[in-house]
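Numbers here simply count residues along the sequence, with the first being 1. The basis for the numbers below is simple: all heavy atoms, side chains too, and nothing from hydrogens, waters or symmetry mates.
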Amino acid sequence: MLLDYPVDSMSMPRSMNLKTQEIRKVPSRDWTSAFFAGNLWQLYRLTGDSKYKEQAQKWTPFSKKESVNSNSHDVGFKVFCSFGEALKVENNKEYEAVIVKGAETLCTRFNPKVGSIRSWDFNKEIWDYPVIIDNMMNLELLFEASKISGNPKYRDVAIKHANTTLKNQFREDNSCYHVIDYNPTTAEVRKKTTLQGFNDDSVWARGQAWAVYGFTMSYRYTKDPAYLKQAEGTAKFFMMNKNLPEDGIPYWDLKDPSIPNSPRDVSAAMVMASGLYELYTYTKDKSYIAFADKLMASVQSEKYIINTSIKAPFLFDHSTGNWPKHDEIDEPIIYADYYFLEALLRQSDKGAK
């Protein structure tokens, strides 16, 4: 179905309601838009089948215009998950130029006083300058753009953002808040809150995975031991959490009072698995490999793989998008597949990026 899915710049597959068989399709401006092209590139690397590469080459250009869209902090997801994956297969100067342009655009959302890239522009009556843990994932675009261009500006912005996140986003137990709202004039923290967790003090599972992955990736580029320490702290918090199910696939929020009758989130598990494989390469702590292997074995089962009778360009069921908004609950979501495929590549390389 990934090969047969019709090529259409306005219809990137994002998620699916298995009851109605309806696929949720999005244009390039959606933060999830590049994952499908990224999946095709990764499948090409896993299989060597040129058909995946040919399809990836058709889908990737649809993300190009997002490299100049300054209305979103997710330029990294939208550009790097397509063009970044393409670069791993093809040494292409045009791909490089799109990545550098995207980094330049992302930097327009950076406030040097706060020391962070602004996340959302909505809910201005609630937040002054919101920064979400997810934003750590967009830093890879900046680090790579500096490597490509030789311009240290992008790397410097990434480091400042990571340092601000490190200072304010974590609790004493190494779990992380989803949203930190700053005063953009004084840089003071106004509130520590959530949009996608159960409540402000809960533990949104995918947020913990973004943190582990994001700080491990930032360590790759900087070798700052503080980043590695935080990645390890949050990884251990997650791995040893008393509310984690036996198979390791977390409930969408590890403090949801409905546990064990709470939806799971395969996407959180797959982001975590991919991050842990890389974390192992720097720490040689075999518990990370063992836990990531466990997550990978759990999802590759009838419980999580979509039944082959369902015609869908997705691999896994049981991800949770935005529980508070009752949006994409317990269904296939594209980024679960993306991080599974990345984790599969890292697993075969023993964690190498």
Side-chain angles (χ1 to χ4, degrees), residues 76 80 84 103 106-107 110 112 114-117 119 131-148 150-178 180 182 187 189 192 203-241 268 271-293 295 339 342-343 345-347 349-353:
F80 200 74
L106 185 55
C107 286
F110 179 74
V114 176
S116 277
I117 297 161
S119 294
V131 177
I132 61 176
I133 192 64
D134 322 36
N135 228 359
M136 286 298 299
M137 303 295 286
N138 290 295
L139 302 187
E140 190 166 10
L141 174 80
L142 299 178
F143 284 123
E144 278 295 321
S146 276
K147 279 179 68 177
I148 291 167
N151 186 343
K153 168 181 150 180
Y154 313 124
R155 174 189 170 89
D156 291 347
V157 167
I159 289 171
K160 283 170 184 166
H161 181 95
N163 289 344
T164 303
T165 302
L166 193 64
K167 179 182 174 186
N168 298 315
Q169 209 100 15
F170 292 90
R171 305 180 181 101
E172 282 188 21
D173 64 3
N174 285 311
S175 66
C176 68
Y177 290 94
H178 182 205
I180 304 295
Y182 294 91
V189 173
K192 299 187 175 190
V203 179
W204 179 47
R206 195 161 62 250
Q208 315 312 302
W210 292 144
V212 171
Y213 187 115
F215 276 98
T216 302
M217 172 267 295
S218 296
Y219 178 79
R220 181 200 316 158
Y221 291 100
T222 65
K223 296 298 181 275
D224 185 333
Y227 296 169
L228 196 64
K229 182 182 177 185
Q230 188 58 67
E232 288 204 84
T234 305
K236 286 179 170 132
F237 166 85
F238 185 93
M239 289 160 57
M240 296 187 289
N241 194 283
V271 174
M272 184 64 76
S274 188
L276 289 174
Y277 283 127
E278 184 173 11
L279 187 56
Y280 167 76
T281 65
Y282 309 127
T283 63
K284 301 307 175 192
D285 184 332
K286 290 185 179 174
S287 70
Y288 301 141
I289 285 270
F291 192 81
D293 283 349
L295 295 176
Y339 289 103
E342 183 180 76
L345 284 160
R346 289 177 170 183
Q347 186 181 39
D349 291 341
K350 294 295 180 286
K353 71 177 180 66

Worked check of side-chain contact (heavy atoms from CB on, under 4.5 Å) between Thr281 and Arg220: CA-CA 10 Å; Thr281 65; Arg220 181 200 316 158; over 6 Å; no
Evaluation steps, side-chain contact (heavy atoms from CB on, under 4.5 Å), between Met239 and Leu276: CA-CA 10 Å; Met239 289 160 57; Leu276 289 174; 4.3 Å; yes
Thr165 vs Asn135, side-chain contact (heavy atoms from CB on, under 4.5 Å): CA-CA, chis, key distance, verdict: CA-CA 9 Å; Thr165 302; Asn135 228 359; over 6 Å; no
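Contacts of Lys192 classified as side-chain contact (heavy atoms from CB on, under 4.5 Å), with partners at least two apart in sequence or in another chain: Tyr177, Ile180, Val189. Residues passing the side-chain contact (heavy atoms from CB on, under 4.5 Å) test with Ala231 are Phe215, Thr216, Leu279, sequence neighbours excluded. Partners of Asn241 under the side-chain hydrogen bond (donor to acceptor under 3.5 Å, both in side chains) rule, at least two apart in sequence or in another chain, do not exist in this structure. Checked against salt bridge (Lys or Arg N to Asp or Glu O under 4.0 Å), Lys153 has the following partners two or more places apart in sequence or in another chain: Glu104. For Asp285, the side-chain contact (heavy atoms from CB on, under 4.5 Å) partners at least two apart in sequence or on another chain are Glu232, Lys236, Thr283, Ser287, Tyr288. With sequence neighbours left out, Ala103 forms a side-chain contact (heavy atoms from CB on, under 4.5 Å) with Leu141, Leu142, Ala145, Tyr154.
Residues Trp210 and Trp204 form a side-chain contact, since some pair of their non-hydrogen atoms from C-beta on lies under 4.5 Å apart. Counting heavy atoms from C-beta outward, Leu166 and Lys229 have side chains that stay 4.5 Å or more apart. A heavy-atom distance below 4.5 Å is found between the side chains of Tyr213 and Glu342. Residues Phe238 and Val212 are not in side-chain contact: their nearest non-hydrogen atoms beyond the backbone lie 4.5 Å or more apart.
For Ser218 against Met136, the heavy-atom pair with the smallest separation is OG-CE, 3.6 Å. Nearest heavy-atom pair, Ala162 versus Leu139, reported as atom, atom and distance to 0.1 Å: CB-CD1, 4.0 Å. Closest approach of Ile133 and Cys176 over heavy atoms only: CG1-SG, 3.8 Å. Nearest heavy atom pair, residue Ala273 against residue Ala292, reads O-CB, 3.8 Å.
Listed for the Thr164 side chain is a donor-acceptor partner under 3.5 Å among the backbone atoms of Gly115. Counting only distance, with no hydrogens or angles, the side chain of Thr234 and the backbone of Ser175 share no donor-acceptor pair below 3.5 Å. One N or O on the side chain of Ser119 and one on the backbone of Ile132 form a donor-acceptor pair closer than 3.5 Å. Formation of a donor-acceptor pair under 3.5 Å by the Ser274 side chain with backbone atoms of Val271 is not found in this model. With hydrogens and angles ignored, the 3.5 Å screen pairs a side-chain donor or acceptor of Gln169 with a backbone N or O of His178.
No option in Asp349, Asp293, Leu345 other than Asp293 meets the side chain to side chain contact (heavy atoms under 4.5 Å, CB included) test with Tyr277.
Rounded to the nearest 0.5 Å, atoms CE (Met272) and CD (Gln208) are 7.0 Å apart. Atom NZ of Lys147 is separated from atom CZ of Arg155 by 10.0 Å, given to the nearest 0.5 angstrom. For the atom pair CZ (Phe291) and CG (Leu295), the distance works out to 4.5 Å, reported to the nearest 0.5 Å.
The number of heavy-atom neighbours closer than 6.0 Å to NZ of Lys223, taken from other residues, nucleotides and ligands shown, is above 12.
By the 30° and 60° cut-offs, the orientation of the rings of Phe143 relative to Tyr221 is parallel.
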